[in-house]
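Naming convention: chains lettered A, B, ... in sequence-line order (proteins, then strands); numbering from 1 in each chain.
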Number of protein chains: 2
Amino acid sequence: MSAFSTAATGGRKKRGEGHTRREEILQAAKELFLEQGYDSTTIRKIADRVGVSAPALYLYFQDKEQMMLALCDQTFGHLIDSIDEIEKSVAEPRDRIRQFGEAYLRFGLKHPDEYRLIFLGSNVPESVRKVGHRMPTDDPTRPGVNGSIVFQRLVSVLVEAEASGLKLNYPADTCAELCWMGMHGLASALILKPEFPWSNRDLLINGMLDMVLKGIIRDT
Amino acid sequence: MSAFSTAATGGRKKRGEGHTRREEILQAAKELFLEQGYDSTTIRKIADRVGVSAPALYLYFQDKEQMMLALCDQTFGHLIDSIDEIEKSVAEPRDRIRQFGEAYLRFGLKHPDEYRLIFLGSNVPESVRKVGHRMPTDDPTRPGVNGSIVFQRLVSVLVEAEASGLKLNYPADTCAELCWMGMHGLASALILKPEFPWSNRDLLINGMLDMVLKGIIRDT
DNA sequence: AAGATAACTTATCGACGTTAAGTTAACGGC
DNA sequence: GCCGTTAACTTAACGTCGATAAGTTATCTT
């Protein structure tokens, strides 16, 4: 009697249904990565949870790293969704920028383990850690590019804000970089050290958002 | 004929000179960690470079992790030194804070690999990644506490600045946290992605310093 | 019924961190 | 000068890891 999981379905798949096995593997891998981290999640543990032998995973993934990359893309897809929502519903440039930062932070706080795995590199290979800030020129067909799309969106928001009359202290791309650096610093600190005696969590969040906006938007 | 290194010294140590072997191991481990990262640096590679067998390392270190922690403390010692220098030579509060941030950044850019290993967790165990932001209450006698001392110093600088009349937007500890978050965001971005088409490196550095100071120091 | 082949398993590889147990060489005391 | 003690090592081995090779089973097509 093996471990229960939403991923396990029992016996051998019928022909042409291998893709469902692939999804089961991803589900089990995600559970284990979040429960135990990257290193402790072994190929054999994933296989056990799915209910197949370890080498069976290599029918669906090139290696362990590709499983992680697939999960990263999946998770970042959710962040991109909430960004879309903001762009639709918020028009005022300042609010957009602030809510964009808030969405990024909310995403991090809502998925702390994924964020840790992706941005804080909990023992993941270098290629996985780069998913969150991949170069724009990278091949968009390979897995792990959703992370860079998020940054591109921030640049777009700032460019549009500038076009609609907002004065920035620096070029839009510089401002986007400064904004991301600040929000990432905040998110990583709160996530990595939830037990740290932070002075005041809400004060930090609003302080950082104020700091970023003050830093990139010209005083009027 | 084994690989050359500043660490290798040839034959067996005389009695009572085991501590020199310990330093050779640290030197070799540092070289290899920086050249190849944590995971790729195996016990056997370190031992080869030193010129001893792999188990010999366990005479001087409990495990691989303790080697890394010892190196972290050593490296952070250098940052603490430069902080001391600033506190001695710079009196004006604003300058002190700015130079403190600059020193942190300079440290990161000068030792990008150490910074990566310590703060960006290049596959190091969790305990090592925590060295850079360990809780103040942790046992100060165990290895890996130098990192937290740096943060304590920043708080002190801000408290003294406040005492000497500077007005802060938030309590000193909150300001210290915001400052660290910003500088860490900057450092990690520049270090982790040196090949990224950053808009302008100097602009980013000065932009972040301005942003942080504007964010924590009340307008006059 | 008979291939063809998707979906698997068993066996195995080399490398890893680490431990156990044995060996060698340098020293103080006689 | 030899001797016991013990610091400073070595060789051998264990269990686990990610990954591969080669063989097996079951489902589908014809």
Side-chain angles (χ1 to χ4, degrees), chain A residues 2 7-26 28-29 32-33 35-71 122-128, chain B residues 2-3 7-29 32-33 35-71 122-128:
Chain A
S2 60
T9 60
R12 170 187 284 244
K13 294 290 174 184
K14 306 220 165 180
R15 281 201 173 200
E17 308 227 334
H19 62 98
T20 67
R21 182 70 82 201
R22 189 190 144 94
E23 279 157 37
E24 288 170 22
I25 293 168
L26 273 181
L32 284 165
F33 282 145
E35 283 168 21
Q36 314 186 8
Y38 186 82
D39 270 4
S40 298
T41 300
T42 68
I43 294 289
R44 288 167 176 83
K45 280 183 190 172
I46 299 172
D48 275 359
R49 183 162 293 200
V50 173
V52 296
S53 68
L57 304 203
Y58 290 88
L59 295 173
Y60 306 102
F61 297 93
Q62 205 181 37
D63 52 29
K64 187 178 172 181
E65 186 179 328
Q66 293 302 313
M67 298 180 205
M68 185 66 205
L69 281 173
L71 288 171
S122 293
N123 295 20
V124 296
E126 193 180 0
S127 67
V128 176
Chain B
S2 60
T9 60
R12 169 186 286 244
K13 293 291 173 185
K14 307 220 167 184
R15 283 203 171 200
E17 309 228 333
H19 62 96
T20 67
R21 183 69 83 198
R22 188 188 143 95
E23 279 158 35
E24 289 169 21
I25 292 168
L26 273 182
Q27 175 64 30
L32 284 165
F33 282 144
E35 284 169 21
Q36 314 185 8
Y38 186 82
D39 269 3
S40 299
T41 299
T42 68
I43 295 289
R44 287 166 176 84
K45 281 183 190 171
I46 300 171
D48 275 0
R49 184 162 293 200
V50 173
V52 296
S53 68
L57 304 204
Y58 289 87
L59 295 173
Y60 305 103
F61 297 94
Q62 204 182 37
D63 50 29
K64 187 178 172 181
E65 186 180 329
Q66 292 302 314
M67 298 181 205
M68 186 66 206
L69 281 173
L71 288 172
S122 292
N123 296 20
V124 296
E126 195 180 359
S127 67
V128 176

Discussion item. I'd like to check the side chain to side chain contact (heavy atoms under 4.5 Å, CB included) partners of A:Lys45; sequence neighbours left out, ordered by chain and number.
Written reply: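 Testing A:Lys45 for side chain to side chain contact (heavy atoms under 4.5 Å, CB included), a comparison that skips the adjacent residues, returns A:Leu32, A:Gln36, A:Ser40, A:Thr42.
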
Item to complete: Please name all residues satisfying side chain to side chain donor-acceptor pair (under 3.5 Å) with A:Thr20, sequence neighbours left out, ordered by chain then number.
Response: A:Lys13

Fill in: Results of salt bridge (Lys or Arg N to Asp or Glu O under 4.0 Å) for A:Glu35 - residues two or more places apart only
A:Arg49

Worksheet, complete the sentence: Reading nucleotides 7-12 of chain D from 5' to 3' and marking B where a protein heavy atom lies under 4.0 Å of the base, S where only the sugar-phosphate is that close, and - otherwise, the string is BBBBBB

Polar atom pairs (N or O), protein with nucleotides 13-17 of chain C, under 3.5 Å:
| from | atom 1 | to | atom 2 | distance (Å) |
| --- | --- | --- | --- | --- |
| C:dG17 | OP1 | B:Ile43 | N | 3.4 |
| C:dG17 | OP1 | B:Lys64 | NZ | 3.0 |
| C:dG17 | OP2 | B:Ile43 | N | 3.0 |
| C:dG17 | N7 | B:Arg44 | NH1 | 2.9 |
| C:dG17 | N7 | B:Arg44 | NH2 | 3.4 |
| C:dG17 | O6 | B:Arg44 | NH2 | 3.2 |

Which pair of non-hydrogen atoms, one from [X] and one from [Y], has the smallest distance, and what is that distance?
X	Y	value
A:Asp63	A:Tyr58	CA-CE2, 4.1 Å
A:Lys64	A:Tyr38	NZ-O, 3.1 Å
A:Ile25	A:Val50	CA-CG2, 3.8 Å

Response to the item:
Here the gap from A:Met67 atom CE to A:Leu57 atom CG, rounded to the nearest 0.5 Å, amounts to 4.5 Å

Without decimals, in angstroms, what is the distance between [X] [atom1] and [N] [atom2]?
X	N	atom1	atom2	answer
A:Met67	D:dC17	CE	P	14 Å
A:Ile25	D:dG18	CD1	C1'	15 Å
B:Phe61	C:dT19	CZ	C1'	18 Å

Item to complete: Apply the side-chain contact (heavy atoms from CB on, under 4.5 Å) test between B:Tyr60 and each candidate in B:Arg22, B:Glu24, B:Gln66; give the one that qualifies.
Response: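 Of the listed residues B:Arg22, B:Glu24, B:Gln66, the side-chain contact (heavy atoms from CB on, under 4.5 Å) partner of B:Tyr60 is B:Arg22.
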
